Visitor: 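I have a structure I would like to understand better, so I am pasting it below and will then ask my questions one at a time.
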Amino acid sequence: MSAIDLLITAGNGPVECRMALAALLGILEREAVRLGCSFETNLGPMPDQHGAKSAIVSLNGFEAEQIANDYCGTIRFTFKSQVRPGHKRQNWYVSVQRIDTKPEGGEVTIDPADLRFETLRAGGPGGQHQNTTDSAVRVLRPTGLVATARDERSQHRNKALALRRLEAMLRHLEVEKQEAAKSGRFIANRTIERGNEVKSFKL
């Protein structure tokens with residue numbers, strides 16, 4: 001069974017949307033563990049103390065498809081801002097979408113000299129397919145972007161999968177940059193559909 005990769009993004013929403021994204025990662029991880037799925041998070045570049053603007057979540061297990069179906073779309077979080085106590089807005093939005101990490105050739109160029117690889121043990125919840133050897137791979141870029149793969153038994157295959165996840169994140173960042181340059185407006189205003197959320201949470 002192959003992993004399902006989800007792109008979770010706060011778009012260019014304010015800091016509270018990054019806080020909502022961090023909360024959603026916790027919710028998804030608990031849901032994955034409860035249903036016996038493995039869960040891996042690859043954060044977008046340069047997260048701050050409030051979290052990242054985007055992340056790729058990789059789910060693996062028999063219930064991974066159901067989790068993806070339940071959460072894909074717009075997620076609304078309702079809470080009073082902790083960083084701007086006087087702020088009237090209480091609804092914050094995060095987008096979840098499936099992404100394809102299969103090679104798509106030519107869209108993103110990565111200089112191997114910019115990459116650093118680490119190996120780690122592939123153990124974790126949800127997988128007899130996982131083992132206790134150092135077959136998992138983490139790839140890091142100087143910008144702070146990190147991608148991890150522990151889905152395969154082979155270190156070589158995990159390295160290729162980690163690179164594809166890194167490329168998927170870079171494609172997403174490039175699209176955001178191009179769209180923002182075209183419109184001069186927050187990308188979140190278009191990519192995150194407010195008022196039609198698939199789930200909502202109160203914090």
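Worth saying up front: this structure is predicted, and the values here are computed from it rather than measured.
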Visitor: On a heavy-atom basis, which atom in Val94 and which in Cys17 lie closest, and how many Å separate them?
Guide: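 Here Val94 and Cys17 meet closest at CG2-O, 3.8 Å.
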Visitor: Show, in sequence, the C-alpha distance, side-chain angles and deciding distance for Glu31 and Arg34, and conclude whether the salt bridge (Lys or Arg N to Asp or Glu O under 4.0 Å) test is met.
Guide: CA-CA 5 Å; Glu31 182 82 349; Arg34 183 179 70 83; 3.2 Å; yes
Visitor: Specify the closest pair of heavy atoms between Leu21 and Ala55, including all atoms of both residues, with the distance to one decimal.
Guide: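 The answer is CD2-CB, 4.5 Å.
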Visitor: Please work out which of the three classes, parallel, tilted or perpendicular, describes the rings of Trp92 and Phe79, given edges at 30° and 60°.
Guide: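 Aromatic pair Phe79/Trp92 classed tilted.
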Visitor: Counting neighbours of CD on Gln82 that are heavy atoms of other residues, nucleotides or ligands and sit closer than 6.0 Å, is the number greater than 12?
Guide: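 Check fails, neighbour count at 12 or below.
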Visitor: Give the minimum heavy-atom separation between Ala10 and Arg18, together with the two atoms involved.
Guide: CB-N, 4.1 Å
Visitor: Around atom CZ of Arg84, are there more than 12 heavy atoms of other residues, nucleotides or ligands at under 6.0 Å?
Guide: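 Above 12, so yes.
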Visitor: Kindly give the heavy-atom pair with the smallest separation between Leu25 and Phe39, and that separation in Å.
Guide: O-CZ, 3.6 Å
Visitor: Identify which one of Thr41, Ile75, Leu43, Leu28 satisfies the side-chain contact (heavy atoms from CB on, under 4.5 Å) criterion when paired with Ile8.
Guide: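 The passing option is Leu28.
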Visitor: Please give me the minimum heavy-atom distance between Leu6 and Cys72, naming the atom from each residue.
Guide: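 Closest approach of Leu6 to Cys72: CD2-SG, 3.9 Å.
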Visitor: Does Val96 reach the side chain of Val198, with side-chain heavy atoms less than 4.5 Å apart?
Guide: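 No, too far: nothing below the 4.5 Å cut-off.
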Visitor: Mind listing the closest non-hydrogen atom pair of Cys37 and Ala64 along with its distance?
Guide: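 Minimum heavy-atom contact is SG-N, 3.5 Å.
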